[in-house]
Participant: 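Dumping the structure here so I can ask a few things about it.
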Amino acid sequence: MSLLIFNTLTGKKEPFVPLRENQIGMYVCGVTAYDYCHVGHARAAIVFDTLSRYFQHLRYKVRFVRNFTDIDDKIINRANEEGTDWREVNRKYIAAFYEDMEKLNIAAPTEEPKATDHLPEMLDMIQSLVNQDKAYESEGNIFYAVKSFDGYGRLSGKNIADLRAGARVKINKTKRDPLDFALWKKSKPGEPFWESPWGPGRPGWHIECSAMSKKYLGDTFDIHGGGKDLVFPHHENEIAQSCGCTGKQPVRYWMHNGFVNIDKEKMSKSRGNFFTIREVYKKYHPEVLRLFLISSHYRSPIDFSEKNLADATTVLSRFYEGLASARKKTAQLNEESIPNFREKVNAHPVTKKFETAMNDDLNTAVAVACMNEELRNLNSAAANESASSLEKLAVATTAWETAGKILGLFFLTPEKFEEELFAIKNHSRNLDVGKIEKLIARRKTARQSKNWAEADRCRDELNAMEVVIEDTASGTEWKLR
RNA sequence: GGCACCGUCGCCAAGUGGUAAGGCAGAGGUCUGCAAAAUCUCUAUCGGCGGUUCGAUUCCGCCCGGUGCCUCCA
């Protein structure tokens with residue numbers, strides 16, 4: 001049973017074999033810091049965070065690099081629009097990025113390099129390409145000569161001859177070939193610039209990833225990830241640059257996640273059909289968003305909709321409630337009191353099923369299904385009075401919870417989750433908690449005197465406020481529908 | 001125009017050459033004063049037409065429908 005990963009380069013699922021035993025080098029394209037992140041960014045972050053967590057579960061040491069593009073036309077434009085400095089734009093949106101990601105329980109990567117901190121590395125690479133005649137200067141710009149690299153197009157499955165250069169973008173007359181791309185762009189007056197052997201300018205977009213992945217992970221590393229939209233030209237160009245420079249294949253496994261759609265169409269900035277992550281947080285819990293995004297396979301498109309988020313909310317609430325009741329039932333047990341606890345957890349059927357799903361190209365959809373199935377067992381066992389089964393329940397609960405944590409779930413206590421969910425649901429309703437509690441107390445009194453009619457009246461009133469009550473052994477509990 | 005991908009229950013979503021996971025919604029039962037929660041049971045032959053095969057939803061071809069990439073984009 002080994003891990004299979006779909007490699008964009010070959011178009012097939014391949015057994016994953018790391019370059020160095022027990023150690024993985026992984027580079028994921030981060031964001032250009034010029035605006036708030038949308039749900040598409042969340043998906044990419046979640047996919048590769050989950051992959052990293054799973055690698056760690058498999059006892060690999062992961063060196064995870066995720067960059068920030070902090071110099072680019074869009075950043076400069078945004079600075080002009082907002083009437084500030086481009087550095088201020090970076091500061092603002094990188095801070096926002098961290099806020100959004102933390103709430104999604106995205107773990108910090110090992111390294112988070114920024115393009116502008118790596119000018120020497122980029123200039124070195126460009127120089128090397130120029131020296132080898134794989135890049136040329138034209139009017140203060142440096143372009144990569146695509147024709148000099150015969151592997152160009154392999155990643156994206158494109159035939160260079162088939163590309164209709166200029167079909168959608170004006171042909172730049174300063175290039176020798178329309179497919180050539182900029183390694184270095186001459187700066188225009190008033191733009192930020194760095195000195196170079198070819199005059200003042202700034203790096204092209206693609207070169208930063210080649211330079212930074214090389215610096216932090218070496219000439220060849222295991223995994224490079226990003227959204228499908230980066231396959232061409234970004235990653236294609238990266239291969240051309242890195243390979244052109246070092247003569248080595250830079251990446252062993254290329255992984256690309258599918259898009260988040262709205263009404264079947266790709267969510268994107270240019271279409272304007274996007275929801276920022278922070279907008280979503282106003283109505284749905286961040287962990288709900290995470291669960292929703294891992295409920296489909298990472299390479300499939302996923303349709304973002306209110307119904308889907310609402311369904312995910314229902315499921316996650318069930319997860320947390322099940323976790324709470326299973327833990328409550330096994331509260332008097334601990335790891336030490338159960339012989340070979342860890343081994344039992346690792347050998348538990350849910351652990352095995354979970355690993356089988358994840359080993360199949362990170363099939364989180366099946367992994368979530370496993371959790372749903374096991375939850376039924378957990379709930380049944382938690383409702384069972386038999387003390388002899390408690391040990392089993394404790395093992396099963398930990399196995400189940402561990403699987404959830406690898407998926408990046410259960411980063412809150414059930415109580416905290418419930419509290420935050422309440423806050424989100426109540427945000428638009430603004431219910432009077434005092435009134436709710438008063439009604440529950442009145443119902444309690446009525447029930448004690450078997451005045452069912454009065455008790456039901458109280459409940460109807462609560463129901464009208466979308467308050468659902470639940471009579472348990474330890475008293476009446478309530479939550480928002 | 002080139003190159004890819006997708007079309008599975010009302011909705012979401014896995015999957016396999018031998019007759020289809022899971023979730024939401026729905027129906028019924030248990031439990032409950034009644035509810036709720038939990039639990040149990042039930043609900044699809046996989047866009048269409050051909051082909052290959054003992055057998056296809058799963059492979060091949062065509063058609064229909066949808067999407068993506070060929071510009072920046074997770």
Participant: Taking pairing as Watson-Crick or G-U wobble with both contacts under 3.5 Å, can you name the mate of B:G33, or confirm there isn't one?
Facilitator: none

Participant: According to the ring-ring contact (aromatic ring centres under 6.0 Å, His included) rule, which pairs have a member within residues 450-481 of chain A, sequence neighbours left out?
Facilitator: A:Phe422-A:Trp478

Participant: Check the interface with nucleotides 57-60 of chain B: list each N/O to N/O pair with the protein under 3.5 Å, or write none.
Facilitator:
none

Participant: Give me the distance, rounded to whole Å, that separates B:C31 from B:A36 when you measure between the C1' atoms they each carry.
Facilitator: 11 Å

Participant: Mind checking A:Val28 for me? I need base, sugar-phosphate or nothing, with any heavy atom below 4.0 Å counting as a touch.
Facilitator: nothing

Participant: Check the distance between B:U71's C1' and A:Phe181's CZ and give it to me in whole angstrom.
Facilitator: 15 Å

Participant: Atom CZ of A:Arg154 and atom P of B:C70: how far apart are they, to the nearest Å?
Facilitator: 21 Å

Participant: When you compare B:C34 with B:C46, how far apart are their P atoms, in angstrom units rounded to a whole number?
Facilitator: 45 Å

Participant: Under 6.0 Å from the NZ atom of A:Lys392, do we count more than 12 heavy atoms belonging to anything else shown?
Facilitator: no

Participant: Output yes when A:Asp70 and A:Lys114 qualify as a salt bridge under the 4.0 Å nitrogen-oxygen rule, no when they do not.
Facilitator: no

Participant: Roughly how far, to the nearest 0.5 Å, is CG of A:Asn372 from CD of A:Glu374?
Facilitator: 11.0 Å

Participant: Between B:C24, B:A14, B:A74, which nucleotide gets closest to the side-chain atoms of A:Val315?
Facilitator: B:C24

Participant: State whether A:Ser300 places a side-chain N or O below 4.0 Å from either non-bridging phosphate oxygen (OP1 or OP2) of B:U67.
Facilitator: no

Participant: If we call it a pair only when both distances are under 3.5 Å in a Watson-Crick or G-U wobble match, what pairs with B:C5?
Facilitator: B:G66

Participant: Base, sugar-phosphate, or nothing: which does A:Gly40 touch, judged by heavy atoms less than 4.0 Å apart?
Facilitator: base

Participant: In whole Å, what is the span from the CG atom of A:Asn273 to the P atom of B:U67?
Facilitator: 13 Å

Participant: What's the closest nucleotide to the side chain of A:Lys307 if the choices are B:C24, B:U67, B:A74?
Facilitator: B:C24

Participant: For B:C72, what is the paired nucleotide under Watson-Crick or G-U wobble rules, both distances under 3.5 Å?
Facilitator: none

Participant: Enumerate the protein-to-nucleotides 3-5 of chain B contacts in which both atoms are nitrogen or oxygen and the separation is below 3.5 Å.
Facilitator:
from	atom 1	to	atom 2	distance (Å)
B:C3	O2'	A:Gly157	O	3.4

Participant: For A:Thr413, enumerate each residue passing the side-chain contact (heavy atoms from CB on, under 4.5 Å) test, keeping only those at least two apart in sequence or located in another chain.
Facilitator: A:Glu415, A:Lys416

Participant: A:Ser380: which residues meet the side-chain hydrogen bond (donor to acceptor under 3.5 Å, both in side chains) condition with it, sequence neighbours left out?
Facilitator: none

Participant: Rounded to whole Å, please give me the gap between CG in A:Asn237 and C1' in B:C69.
Facilitator: 14 Å

Participant: State plainly whether the residues A:Lys74 and A:Asp35 are in salt-bridge range, i.e. N to O under 4.0 Å.
Facilitator: no

Participant: Going by the rule side-chain contact (heavy atoms from CB on, under 4.5 Å), which residues pair with A:Lys307 if we only count those two or more places apart in sequence or in a different chain?
Facilitator: A:Ser305, A:Asp311

Participant: Provide, to the nearest angstrom, the distance between the CG atom belonging to A:Leu179 and the P atom belonging to B:C69.
Facilitator: 18 Å

Participant: Does B:G28 have a Watson-Crick or wobble partner in any strand here, with both distances under 3.5 angstrom, and which is it?
Facilitator: B:C40

Participant: Only one of A:Glu466, A:Glu418, A:Glu419, A:Glu321 passes salt bridge (charged side-chain N to carboxylate O under 4.0 Å, His left out) with A:Lys479; say which it is.
Facilitator: A:Glu321

Participant: Round to a whole Å and report the spacing from CG of A:Asp361 to P of B:A14.
Facilitator: 12 Å

Participant: Taking only residues two or more places apart in sequence, or in another chain, which ones meet A:Tyr320 in a ring pair (Phe, Tyr, Trp, His ring centres under 6.0 Å)?
Facilitator: A:Phe410, A:Phe417

Participant: Answer yes or no: is there a side-chain heavy-atom contact under 4.5 Å between A:Arg278 and A:Asp100?
Facilitator: yes

Participant: Please report the distance, rounded to the nearest Å, between CG in A:Asn261 and P in B:G7.
Facilitator: 13 Å

Participant: For A:Met267 and for A:Asp311, find the nucleotide of RNA chain B with the closest heavy atom, then tell me which residue's nucleotide is more 5'.
Facilitator: A:Asp311

Participant: Students often get this wrong, so: under 4.0 angstrom with heavy atoms, is A:Phe292 touching a base, only sugar-phosphate, or nothing?
Facilitator: nothing

Participant: Among all residues two or more places apart in sequence or in another chain, which pass the salt bridge (Lys or Arg N to Asp or Glu O under 4.0 Å) test with A:Arg457?
Facilitator: A:Glu454

Participant: Expressed in whole Å, how much space separates the P atoms belonging to B:G29 and B:A21?
Facilitator: 26 Å

Participant: Any idea which of B:A74, B:G15, B:C72 is nearest the A:Asp360 side chain?
Facilitator: B:G15

Participant: To the nearest Å, how far apart are A:Tyr320 OH and B:G23 C1'?
Facilitator: 18 Å

Participant: For A:Tyr284, what residues pass the side-chain hydrogen bond (donor to acceptor under 3.5 Å, both in side chains) criterion, not counting sequence neighbours?
Facilitator: A:Glu306

Participant: For A:Ala44, report the nucleic acid contact type (base, sugar-phosphate, nothing); a contact means any heavy atom under 4.0 Å.
Facilitator: sugar-phosphate

Participant: Within the 4.0 Å heavy-atom criterion, would you say A:Gly258 contacts the bases, only the backbone, or no part of the nucleic acid?
Facilitator: base

Participant: What integer number of Å spans the P atoms of B:G23 and B:A13?
Facilitator: 16 Å

Participant: Within the structure shown, what part of the strands sits under 4.0 Å from A:Lys74 by heavy-atom distance: base, sugar-phosphate, or nothing?
Facilitator: sugar-phosphate

Participant: Within the 4.0 Å heavy-atom criterion, would you say A:His256 contacts the bases, only the backbone, or no part of the nucleic acid?
Facilitator: nothing

Participant: For A:Glu279, enumerate each residue passing the side-chain contact (heavy atoms from CB on, under 4.5 Å) test, keeping only those at least two apart in sequence or located in another chain.
Facilitator: A:Phe275, A:Thr276

Participant: Test of understanding: with side-chain hydrogen bond (donor to acceptor under 3.5 Å, both in side chains), list the residues that count as partners of A:His234, not counting sequence neighbours.
Facilitator: A:His206, A:Glu238

Participant: Can you check the distance between B:U19 and B:U32, where both ends of the measurement are the C1' atom (answer in whole Å)?
Facilitator: 42 Å

Participant: When rounded to the nearest Å, what value does the distance between C1' atoms of B:U58 and B:G15 take?
Facilitator: 9 Å

Participant: Take A:Pro233 and A:Glu373, find for each the nucleotide of RNA chain B with the closest heavy atom, and name the residue whose nucleotide sits nearer the 5' end.
Facilitator: A:Glu373

Participant: Which whole number of Å gives the distance between the C1' atom of B:C40 and that of B:U53?
Facilitator: 41 Å

Participant: My understanding is that a pair needs two contacts under 3.5 Å, Watson-Crick or G-U wobble. By that rule, which nucleotide pairs with B:G61?
Facilitator: B:C49

Participant: Counting only Watson-Crick or G-U wobble pairs whose two distances fall under 3.5 Å, which nucleotide matches B:U19?
Facilitator: none

Participant: Name the closest nucleotide to the A:Asn372 side chain, picking from B:G23, B:A74, B:G66.
Facilitator: B:G23

Participant: Identify which nucleotide among B:G23, B:A74, B:A14 has an atom closest to any side-chain atom of A:Asn363, counting heavy atoms from C-beta outward.
Facilitator: B:A14

Participant: Assign a letter to each nucleotide of nucleotides 28-39 of chain B from its 5' end: B, base within under 4.0 Å of a protein heavy atom; S, sugar-phosphate only; -, no contact.
Facilitator: -----BBBBSSS

Participant: Suppose you measure atom P in B:C5 against the same atom in B:C59; what distance do you get, rounded to whole Å?
Facilitator: 11 Å

